[in-house]
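In what follows, a single structure is set out as structure tokens and then discussed.
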Amino acid sequence: MLALTISIPLVTSLYILVNISYFLVLSPREILSSEAIAMSWGNQVLGSWAWLIPVAATLSAFGSANVVFFSGSRVCYAAAREGHMPQLLSMVHVNHLTPAPALMFSAALALVLVIPGDFRTIVNLSSSLSWITYGMTIGCLLYLRIKTKNLPQTYKVPTFIPAIMILAALYLVLAPIIDNPQMEFLYVFLLLLSGFLAYFLFVYCQYQPKCLQIATLHLQLLLQVAPTTKH
């Protein structure tokens, strides 16, 4: 909790300072005409050292992708252990003890998102879906704070922080839709609605088709993975 309390305001402050530096160095016309504002800023401020900008951006993107890849696969792994996703995703490798099926599943989803080949489309799809999920998750925290006042709070964080995050999530989801409505946003909502259908069919109704059980068995042997226990 202390790490989040320090890192989030620190990173936010750095982003604000970087944007302020763009406005101080570049004119409004240069900002509007530039395809990469950071490179335009680097050419004027760093000169021959402007190549550091794309290198830093690449390292930052690699670090972010590495964190999202491993943390996202753990989310699939934990959800599968609770019965909210296929059982195969809750298994780990018998030798390395890593959630190999969940890692492969996350990699497959990433490859599907790359298919359009349009960076703007990928950003619209992933950011909207992510912030809808974040907002709903944080909303559940506030709901539990209200409904379970007498229970001990294992997750101790001031209530105003999730309240601010919900407002930020609403803004980040609604602002792009209002500013520039596109079909991609409709696809995001349809994808979310399909999750409700899958949950009702496979989790709530406990429907387990035989073909899925056979596929799970063969993939378990192929990937050399085994079920885990919660303790």
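Hydrogens, waters and symmetry mates play no part in the numbers below; they use all other heavy atoms, side chains included.
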Please output the side-chain donor-acceptor pairs of residues 87-112 that fall under 3.5 Å, not counting sequence neighbours, one pair per line with the distance.
unit_1: S90; atom_1: OG; unit_2: Q87; atom_2: O; d: 2.6
unit_1: H93; atom_1: ND1; unit_2: N95; atom_2: N; d: 3.1
unit_1: H93; atom_1: ND1; unit_2: H96; atom_2: N; d: 3.3
unit_1: S106; atom_1: OG; unit_2: A102; atom_2: O; d: 3.1

In a table with atom names and distances, give each donor-acceptor pair under 3.5 Å that connects a side chain of residues 7-27 to protein atoms at least two apart or in another chain.
unit_1: S7; atom_1: OG; unit_2: A3; atom_2: O; d: 2.8
unit_1: T12; atom_1: OG1; unit_2: I8; atom_2: O; d: 2.7
unit_1: S13; atom_1: OG; unit_2: P9; atom_2: O; d: 2.8
unit_1: N19; atom_1: ND2; unit_2: Y15; atom_2: O; d: 2.7
unit_1: S21; atom_1: OG; unit_2: V18; atom_2: O; d: 2.4
unit_1: S27; atom_1: OG; unit_2: E30; atom_2: N; d: 3.3
unit_1: S27; atom_1: OG; unit_2: E30; atom_2: OE1; d: 3.4

Solution key, residues 209-220 side-chain donor-acceptor pairs under 3.5 Å, sequence neighbours excluded:
unit_1: Q213; atom_1: NE2; unit_2: Q208; atom_2: O; d: 3.4
unit_1: T216; atom_1: OG1; unit_2: L212; atom_2: O; d: 2.8
unit_1: Q220; atom_1: NE2; unit_2: V225; atom_2: O; d: 3.3

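With sequence neighbours left out, the side-chain hydrogen bond (donor to acceptor under 3.5 Å, both in side chains) criterion links S64 to no other residue.
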Exercise. Given the rule in the side chain to side chain contact (heavy atoms under 4.5 Å, CB included) test, do T228 and Y77 qualify, once you have shown the distances and angles that lead to the verdict?
Worked result: CA-CA 10 Å; T228 62; Y77 167 73; 3.4 Å; yes
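T137 contributes atom OG1, which lies 10.0 Å from atom CD1 of I166 (distance to the nearest 0.5 angstrom). How far CD1 of I132 is from CG of L174: 8.5 Å, rounded to the nearest 0.5 Å. Rounding to the nearest 0.5 Å gives a distance of 10.0 Å between CG of L59 and CG of L52. In this structure, the separation between CD1 on I138 and CH2 on W131 is 7.0 Å, given to the nearest 0.5 Å. Atom CG of residue L193 and atom CG of residue L197 lie 9.5 Å apart, to the nearest 0.5 angstrom. In this structure, CD1 in I53 is found 12.5 Å from CD1 in I37, a value given to the nearest 0.5 Å.
Residues Y171 and L167 do not share a hydrophobic cluster, clusters being chains of Ile/Leu/Val/Met/Phe/Trp/Tyr side chains in contact below 4.5 Å. Hydrophobic clustering places I177 together with M136 (ILVMFWY residues linked when any side-chain heavy atoms are closer than 4.5 Å, directly or through intermediates). Follow the hydrophobic side-chain contacts under 4.5 Å out from V173 and you never reach I178; the two are in separate clusters. In the hydrophobic clustering of this structure, L223 does not group with M85; members are Ile, Leu, Val, Met, Phe, Trp, Tyr whose side-chain heavy atoms approach within less than 4.5 Å, directly or through other members.
Residue pairs meeting the ring pair (Phe, Tyr, Trp, His ring centres under 6.0 Å) criterion with at least one member in residues 52-76, sequence neighbours excluded, do not occur.
The backbone N or O of P54 sits less than 3.5 Å from a side-chain atom of T58, completing a donor-acceptor pair.
V67 belongs to no hydrophobic cluster, as no Ile, Leu, Val, Met, Phe, Trp or Tyr side chain comes under 4.5 Å of its own.
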